[in-house]
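Encoded as structure tokens, the structure appears first; notes follow it.
Residue numbers start from 1 in every chain, and the chains themselves are labelled A, B, ... in the order their sequence lines are given, proteins ahead of strands.
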Amino acid sequence: MPPRKRSQADDPGPAKKRATRSGTRSETTSAKSGACVAEAKATEVSKEAEEEAKEAVQGSKNEAQTKSKKQAKQAKRATQAKLGEPTTEHAKDPEDAKPLKQPKLATSATTTQEAPTPGRRFWLMKAEPETRIEKGKDVKFSIDDLASRTEPEGWDGIRNYGARNNLRSMKEGELAFFYHSNCKFPGIVGIMAIVKEASIDTTAFDPKEPYYDPKSDPLNPKWYLVHVKFVEKFNRTVGLHELKKYAGKELADMPLLKQGRLSVSEVPEGCWDFVIGLAKKPAEEI
DNA sequence: GCCAACGTTGGC
DNA sequence: GCCAACGTTGGC
């Protein structure tokens, strides 16, 4: 599905093609015993971590004293890497499993009444629509593939902290652009909806998976996915080249254009609306 | 296939 | 904790 590493390995391992994506590998996929157990365990663990995190927040005073150094460190790193949780936070750090605290409240709704309802945010997620074999499996995933699904699709394979953090702050009901990358005509091709919030991406634990991460540990999961469903395919692709025309203007704040490599990024509401406008433009006006 | 930009790793 | 070397993304 989403883009990833290019190991040239190509070992023609067996592989029920599409295993990765065909999945909807949510907890309902009770078939795979091993992975499932792992997931269950991992879930527990992450719950614990969640509890810890909560406690940490509640007892923030004490915590501030005991952990302030650590936090300072993290903050610094985060700044350095500018992508959120970076480099060293690996397996060791239990904070890694910390789930979605309050994402920064969204722009517009920040000011509105009842605090606990952050505004809806918008996203952009990349996938490769053209065949590419990774560890014997085709990682291709296009908007047409998504459209053909009858069940929510687990957006797995995200192996970048910045992207992951974005995944983890997605809320059910939010919308995302589907972006075709690493292909002839890269660009935004349609819209999907988040139908299930972050859960553990168990493909990280399976050596046969294209996006296996030997450093991830079911007991302290690093990688997450969300489930999405198809909403709409645009009549035309809003190409990257076209988007770039507005990079200094209407789309100045579009992370896609500033940090091209992030496979899951946020789209400011204004940019969202603007892109929709582009997508609906009659051909003559393009 | 090239390569710029950026992320990650590991030595010190 | 810095930073050089290495790896990956993804447009072209």
Just how far, in rounded Å, is P of dT8(C) from OH of Y212(A)?
-> 15 Å
To the nearest Å, how far apart are N160(A) CG and dT9(B) C1'?
-> 15 Å
Centroid separation F141(A) to H180(A) less than 6.0 Å = no
D273(A) meets the salt bridge (charged side-chain N to carboxylate O under 4.0 Å, His left out) criterion, sequence neighbours left out, with none
Examine dG10(C): is either OP1 or OP2 under 4.0 Å from a nitrogen or oxygen in the side chain of K184(A)? Give yes or no.
-> no
To the nearest Å, give me how far apart CG (L240(A)) and P (dA4(B)) are.
-> 18 Å
Members besides F234(A) in its Ile/Leu/Val/Met/Phe/Trp/Tyr cluster (side-chain heavy atoms under 4.5 Å) = F122(A), L124(A), L175(A), F177(A), Y179(A), I188(A), I191(A), V231(A), V238(A), L240(A), L243(A), Y246(A), L251(A), M254(A), L256(A), L257(A), V267(A), W272(A), F274(A), V275(A), I276(A), L278(A)
Centroid-to-centroid, W155(A) to F178(A), below 6.0 Å?
-> yes
In whole angstroms, the gap separating C1' of dG10(C) from NZ of K140(A) amounts to 18 Å
Rounded to the nearest Å, what distance is computed from the CZ atom of residue R159(A) to the P atom of nucleotide dG7(B)?
-> 18 Å
Name the nucleic acid region contacted by Y179(A), choosing base, sugar-phosphate or nothing; use a 4.0 angstrom heavy-atom cut-off, strictly under.
-> sugar-phosphate
Does a nitrogen or oxygen in the side chain of K215(A) sit under 4.0 Å from OP1 or OP2 of dT9(B)?
-> yes
Using atom CZ of R261(A) as one end and atom P of dA4(B) as the other, report the distance to the nearest whole Å.
-> 13 Å
Starting from C1' on dG7(B), measure out to CG on N165(A) and report it in whole angstrom.
-> 14 Å
Just how far, in rounded Å, is P of dG1(B) from CZ of R132(A)?
-> 14 Å
Kindly say if Q259(A) contacts the phosphate of dT9(C), meaning a side-chain N or O under 4.0 Å from OP1 or OP2.
-> no
